[in-house]
Protein chains: 2
Amino acid sequence: MESKDLKQVGLKATIPRLKILKFLEESDVRHMSAEDVYKALLESGEEVGLATVYRVLTQFESAGLVARHHFEGDHSIFELNDSEHHDHILCVKCGRVDEFVDEVIESRQAAIAREKGYSMDDHALYIFGVCSDCQQKK
Amino acid sequence: MESKDLKQVGLKATIPRLKILKFLEESDVRHMSAEDVYKALLESGEEVGLATVYRVLTQFESAGLVARHHFEGDHSIFELNDSEHHDHILCVKCGRVDEFVDEVIESRQAAIAREKGYSMDDHALYIFGVCSDCQQKK
DNA sequence: ACCTAAATGCGAAAGATTCTCATTTCTATA
DNA sequence: TATAGAAATGAGAATCTTTCGCATTTAGGT
């Protein structure tokens, strides 16, 4: 699985962009805020301005390299777009995030959009609950 | 359809809370930001501080009187909880919001939570698209 | 190597929301 | 029904996330 080529998606291959992309690809945490990315880069000695992190993540989103989520509150969460589409189930206690795909839900969504006269662009489905670990800690 | 009783949900019946609840019940717009509520009250001569609007809406959410949504961006959207659960389909052009309920999706969600070992608290499903009106204006 | 457009970094600014705290208002109770 | 005490409000300051402006630097084609 080699790195995506920035030029292929219409972005100049600048140092900050390469650092951010590399970090997203190598991180084992899949879901991160812009601040998370900024801090993680800082800690690994790779300085990139916070404004640049925001700009680059937004550009990556437009280019289809990352997906932006609005899980709960105020801020955006980014995820590398390296697999097929999926939805999320989140633990409200520990913040754990799991992914899933359900063809039944996918096709029902398309049907609903059709019924309502909408052309469907996208969708967001988040299930909130308590994961098995946190249920036990109860 | 008489007003919900604030005391029944453990909230003192203060003037600002009554004004906000009444406004939510009588408005024909169902989905509003805190700022929207604040401004609408101002315009109808009912002054309530913005901080109070935020506080009260949050309390109403905790009490189950309103639902909070994170449709797209940064800010919360509130909706009076006067009907049964439903999900939303939004027009990305004009901001129109329609509601729907789909039993198939509901039960698949519950099944997925079960499969993943989660106890399900809640879920959010937003379909984004272009409504029929906006498709024509194209 | 050089030129130009594009990208970066920094701090300022903006938008949404929360906090602080002095003042006011409920409500239970005397 | 007056009143004390707890809770709520209002106004502005503060916070948090994100964007903007602009001077400086860099990528990449010639």
Side-chain angles (χ1 to χ4, degrees), chain A residues 3-23 31-63 65-79 95, chain B residues 3-23 31-63 65-79 95:
Chain A
S3 291
K4 309 238 170 68
D5 191 319
L6 289 174
K7 282 182 208 155
Q8 275 172 225
V9 297
L11 293 172
K12 273 206 313 208
T14 65
I15 305 285
R17 296 214 264 238
L18 290 167
K19 283 182 181 170
I20 293 170
L21 182 55
K22 181 165 187 290
F23 172 71
H31 304 91
M32 282 173 290
S33 68
E35 188 86 31
D36 292 338
V37 172
Y38 170 70
K39 282 189 188 148
L41 285 171
L42 260 194
E43 278 168 27
S44 58
E46 310 282 15
E47 300 235 359
V48 177
L50 179 57
T52 299
V53 172
Y54 274 101
R55 274 184 301 234
V56 168
L57 287 173
T58 299
Q59 293 156 352
F60 282 7
E61 183 193 12
S62 302
L65 261 43
V66 306
R68 180 195 298 259
H69 302 293
H70 303 281
F71 282 157
E72 265 287 341
D74 28 9
H75 59 305
S76 292
I77 295 291
F78 298 88
E79 171 182 25
Chain B
S3 289
K4 310 236 170 72
D5 191 320
L6 288 175
K7 282 182 207 156
Q8 275 172 226
V9 298
L11 294 172
K12 272 203 318 202
T14 65
I15 305 285
R17 296 213 264 238
L18 290 168
K19 283 182 181 170
I20 293 170
L21 182 55
K22 183 165 185 291
F23 172 71
H31 304 92
M32 281 173 291
S33 68
E35 188 87 31
D36 292 338
V37 173
Y38 171 71
K39 282 187 188 151
L41 286 172
L42 260 195
E43 279 168 26
S44 58
E46 310 281 16
E47 301 236 357
V48 178
L50 180 56
T52 299
V53 172
Y54 274 101
R55 272 184 302 232
V56 169
L57 287 173
T58 299
Q59 293 155 352
F60 282 7
E61 182 194 12
S62 301
L65 262 43
V66 306
R68 181 194 297 260
H69 302 293
H70 303 280
F71 283 158
E72 263 287 340
D74 26 10
H75 59 306
S76 293
I77 296 290
F78 299 88
E79 171 182 26

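Here is how names work: the chains are called A, B, and so on, in the same order as the sequence lines, proteins then strands, and each is numbered from 1. These numbers come from a predicted model, not from an experiment.
- Among the heavy atoms of the strands lying under 4.0 Å from B:Arg55 is at least one base atom, whether or not backbone atoms are also near.
- Shown here are the side-chain contact (heavy atoms from CB on, under 4.5 Å) partners of B:Ile15, two or more places apart in sequence or in another chain: B:Lys19.
- With a heavy-atom cut-off of 4.0 Å to chain B, the contacted part of DNA chain D has its first and last nucleotide at D:dA7 to D:dG12.
- Applying the side-chain contact (heavy atoms from CB on, under 4.5 Å) test to B:Phe23 and every residue at least two apart in sequence or in another chain returns B:Ser27, B:Met32, B:Val37, B:Ala40, B:Leu41.
- Both B:Thr52 and A:Tyr54 lie near DNA chain D, and the one whose nearest nucleotide falls closer to the 5' end is B:Thr52.
- Residues passing the salt bridge (Lys or Arg N to Asp or Glu O under 4.0 Å) test with B:Glu47: none are found, sequence neighbours excluded.
- Under the rule for a side-chain contact (heavy atoms from CB on, under 4.5 Å), the partners of B:Lys39 that lie at least two apart in sequence or sit in another chain are B:Glu35.
- Whole-Å rounding puts the A:His75 NE2 to C:dT18 P distance at 14 Å.
- Between A:Val66 and A:Leu57 the shortest heavy-atom distance is CG2-O, 3.7 Å.
- The salt bridge (Lys or Arg N to Asp or Glu O under 4.0 Å) check on A:Glu61 picks up A:Arg68, with sequence neighbours excluded.
- In this structure the side chain of A:Lys7 never reaches within 4.5 angstrom of the side chain of A:Lys12, judged on heavy atoms.
- Shown here are the side-chain contact (heavy atoms from CB on, under 4.5 Å) partners of A:Ala51, two or more places apart in sequence or in another chain: A:Arg55.
- Scored by the ring-ring contact (aromatic ring centres under 6.0 Å, His included) test, B:Phe71 finds B:His31, B:His69, B:His88, B:Tyr126 as partners (sequence neighbours excluded).
- Terminal axes of the helix from C:dA1-D:dT30 to C:dA30-D:dT1 (five pairs each, C1' rotation axis) are separated by 30°, to the nearest 10°.
- The heavy-atom pair separating B:Ala63 from B:Leu11 by the smallest distance is CB-CD1, 4.4 Å.
- B:Ser76 comes within contact range of the sugar-phosphate backbone alone, with a heavy-atom separation under 4.0 Å but no base atom that close.
- Looking at residues two or more places apart in sequence or on another chain, you find a side chain to side chain donor-acceptor pair (under 3.5 Å) between A:Asp36 and A:Ser33.
- Put simply, the side chain of A:Val9 does not reach to within 4.5 Å of the side chain of A:Phe60, judged on heavy atoms.
- Contacts between residues 37-51 of chain A and DNA chain D, counted as heavy-atom distances below 4.0 Å, involve A:Leu50, A:Ala51.
- The two atoms that bring A:Ala13 and A:Leu6 nearest to each other are CA-CD1, 4.0 Å, heavy atoms only.
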Could I get a table of every N or O pair under 3.5 Å where one atom is in the protein and the other is in nucleotides 23-27 of chain C?
from, atom 1, to, atom 2, distance (Å)
C:dT27, OP1, B:Ala13, N, 2.8

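- When the P atom of C:dG9 is taken as reference, atom NZ of A:Lys19 falls 8 Å away, rounded to whole Å.
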